[in-house]
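Everything below concerns the one structure shown next.
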Amino acid sequence: MTIRLYDTSARQIRDFSPLTPGCVSIYLCGATVQAAPHIGHIRSGLNFDIMRRWFAYRGYDVTFVRNVTDIDDKIIKKAADQGRPWWSIGFENERAFNTGYDVLGCLPPTYEPRATGHVPEMIEMMRGLIERGHAYEADGNVYFDVRSFPGYLELSNQELDNLLQPSGEGETGKRDPRDFAMWKAAKPGEPSWETPWGRGRPGWHLECSAMAHKYLGAAFDIHGGGLDLIFPHHENEIAQAKAFGDDFAAYWVHNAWVTMSGEKMSKSLGNSVLVSEMVKHWRPIVLRYYLGTPHYRSMIEYSEEALREAESAFARIEGFIQRVVEKAGPVEPAAEVPPAFAEAMDDDLGVPQALAVVHTTVRQGNSALTADDKETAVARLAEVRAMLGVLGLDPLDEQWDRGGSGRGEDLHGVVDSLVRLVLEQREAARGRKDYATADAIRDQLQHSGLAIEDTPSGPRWSLS
């Protein structure tokens, strides 16, 4: 058994070899909490949640760090525009992100450090980089000297002479316009912290180098994030960490975007779909299926039609599970997933191929039910539950039944009672051979979004 991952730095799929046998350390660039999350934000956390689950299934002890950027230019601007403290903007949106991760079934990280809680570590790293000749102070700012680090831009495969480095307001005193800010001098009315170079606040890139060093050490296994972070963020992280003396990440793994009309989902483009709104219209487990089942390196083009297709596909899985449980009672997940599923997941987290194994197993289980082969149906369900558990999609798992007496369960019970009352009227019509009325009732239920299945034990309804 060897897990293989596409390493952005190598531009190829590589066998995964952990730095410490039996352990895997993962650092994921998490939320910049300037606004509530859309589904594009949450996709990254969800993809790496599946990665984490697969490593755990394969027997690894996983340390998973996902940071929170709780101070940056956008947060400060929003605070000024709204007349609110900067920290209240960050905290409100941090809670919204955590709610989004939680509602879509992502396991909590091992550690979730905030940038503002690690200023001492950032100061230590800047001091070391200045002493080594890789950084310098100018006008209260601290910049990284990109020409001092020969490996700069190897991750993004760019040429330094062609580089246009993004710069922010107030970044004065640069020796080279391509140098990037690790620390920004304080401005009137903005949050700031005391340093040997004057008061200021963190640059975006420094926080991750410092926090990865603190929580995972000088070397760790996997650094993850979205494709849009390769440059400048991850490129600058590498420069800071390696110039400081760290080996940093052995593998770089990047997930693709959720797009709308071919463009990356972004609040600045006005095309975002907030998680908080999506879960009002779609069941969270269906939304996880939609976002988590494409390959993590494939773009997802958002559309209502695609979501309906995901809902229908997942309903077929749930229908099989429900029928077996009704027939045989509770079935525990199998101890191991089928070999074909494991082979797909080992090959760069091939979730689409793994999901094909799930659907094949469901079809085999349905055939067994039709043949009244209870033993085979139960065996297939055990395999299905094991596979869905790895993907975080097992509807029988307690994570999807938090607060089972909540509003959703209450409504389901009410709807179930009402539908069964109507179905009893349909059965009565059939009993007196009034088939026109029976068919009319069935058609009306289907028009209302319910699918009716006649079984030997009586009619059963589900959402169509």
Side-chain angles (χ1 to χ4, degrees), residues 1-31 41-69 101 106-113 151 154-156 205 207-231 233-242 244 246-257 292 295-298 342 344-351 354 390-392:
M1 176 276 295
T2 300
I3 295 176
R4 306 174 72 232
L5 296 171
Y6 183 86
D7 180 6
T8 304
S9 61
R11 295 173 186 80
Q12 64 179 350
I13 294 178
R14 297 173 54 201
D15 289 350
F16 176 73
S17 178
L19 296 173
T20 302
C23 299
V24 58
S25 47
I26 304 171
Y27 185 95
L28 175 64
C29 284
H41 291 132
I42 296 297
R43 183 192 181 186
S44 181
L46 203 159
N47 286 153
F48 284 90
D49 181 66
I50 292 173
M51 173 192 282
R52 173 196 189 167
R53 288 169 182 266
W54 184 244
F55 273 117
Y57 172 83
R58 280 306 199 190
Y60 286 92
D61 181 8
V62 182
T63 301
F64 181 62
V65 180
R66 185 183 67 212
N67 78 296
V68 176
T69 299
Y101 291 131
C106 294
L107 301 172
T110 312
Y111 308 110
E112 192 167 25
E154 288 182 356
L155 180 68
S156 57
H205 318 296
E207 61 180 271
C208 287
S209 299
M211 290 189 289
H213 178 91
K214 176 170 183 175
Y215 291 94
L216 297 176
F220 57 96
D221 292 305
I222 299 169
H223 196 310
L227 284 173
D228 53 318
L229 298 181
I230 294 175
F231 181 83
H233 187 50
H234 288 167
E235 198 72 77
N236 293 351
E237 279 188 61
I238 293 171
Q240 293 165 156
K242 291 197 170 184
F244 184 70
D246 289 356
D247 289 332
F248 212 48
Y251 298 81
W252 286 86
V253 179
H254 292 92
N255 64 276
W257 304 327
H295 194 275
Y296 75 90
R297 289 194 286 123
S298 299
M345 293 297 291
D346 282 340
D347 187 12
D348 194 29
L349 304 176
V351 174
V390 166
L391 301 175

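Between F220 and A212, the closest heavy-atom pair is CE2-CB, 3.8 Å. Listed here is the closest heavy atom pair of H213 and D246: ND1-OD2, 2.7 Å.
Side-chain contact between F244 and S209: absent, with no pair of heavy atoms (C-beta onward) separated by less than 4.5 Å. You'll find the side chain of L391 stays beyond 4.5 Å of the side chain of R53, heavy atoms only. The shortest distance between side-chain heavy atoms of V24 and F16 falls below 4.5 Å. C29 places a side-chain heavy atom less than 4.5 Å from the side chain of N67. Counting only heavy atoms from C-beta outward, the side chains of H223 and L229 never approach each other to under 4.5 Å.
Taking CD of E235 as the start and CG of L155 as the end, the distance is 5.0 Å to the nearest 0.5 Å. Put simply, OG on S44 and CH2 on W257 are 13.0 Å apart, with the number rounded to the nearest 0.5 Å. Remark: S25 OG to L19 CG distance equals 6.0 Å, nearest 0.5 Å. Here the CZ atom belonging to F48 is positioned 8.0 Å from the CD1 atom belonging to I222, to the nearest 0.5 angstrom. Note that the SG atom of C208 and the CD1 atom of I238 stand 12.0 Å from one another [nearest 0.5 Å]. To the nearest 0.5 Å, the span separating CG on N255 from CG on L349 amounts to 11.5 Å.
Partner Y215 forms a ring-ring contact (aromatic ring centres under 6.0 Å, His included) with one of Y27, F64, Y111 and no other, that one being Y111.
Note on residues 216-226: no pairs pass salt bridge (Lys or Arg N to Asp or Glu O under 4.0 Å), not counting sequence neighbours.
Residues satisfying the side-chain contact (heavy atoms from CB on, under 4.5 Å) test with I13, not counting sequence neighbours, are R4, Y6, R297, D347, D348. R43 meets the salt bridge (Lys or Arg N to Asp or Glu O under 4.0 Å) test with no other residue; sequence neighbours excluded. For N236, the side chain to side chain donor-acceptor pair (under 3.5 Å) partners two or more places apart in sequence, or in a different chain, are Y152, H205. Looking at residues two or more places apart in sequence or on another chain, you find no side chain to side chain donor-acceptor pair (under 3.5 Å) involving T63. Annotation: side chain to side chain donor-acceptor pair (under 3.5 Å) contacts of R52 (sequence neighbours excluded): none. The side-chain contact (heavy atoms from CB on, under 4.5 Å) test applied to T20 returns C23, not counting sequence neighbours. By the ring pair (Phe, Tyr, Trp, His ring centres under 6.0 Å) test, Y296 is found to be paired with no residue, residues two or more places apart in sequence or in another chain being considered. Remark: S298 pairs with no residue by the side chain to side chain donor-acceptor pair (under 3.5 Å) rule, at least two apart or across chains.
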Side-chain donor-acceptor pairs under 3.5 Å in residues 247-254, sequence neighbours left out?
| unit_1 | atom_1 | unit_2 | atom_2 | d |
| --- | --- | --- | --- | --- |
| Y251 | OH | D15 | O | 2.8 |
| Y251 | OH | S17 | N | 3.0 |
| H254 | ND1 | T8 | OG1 | 2.7 |
| H254 | NE2 | H234 | ND1 | 2.8 |

Atom pairs and distances, donor-acceptor, side-chain atoms in residues 54-62, under 3.5 Å, two or more places apart:
| unit_1 | atom_1 | unit_2 | atom_2 | d |
| --- | --- | --- | --- | --- |
| W54 | NE1 | D346 | OD1 | 3.0 |
| Y57 | OH | V337 | N | 2.9 |
| R58 | NE | D346 | OD1 | 3.3 |
| R58 | NH2 | D346 | OD2 | 2.6 |

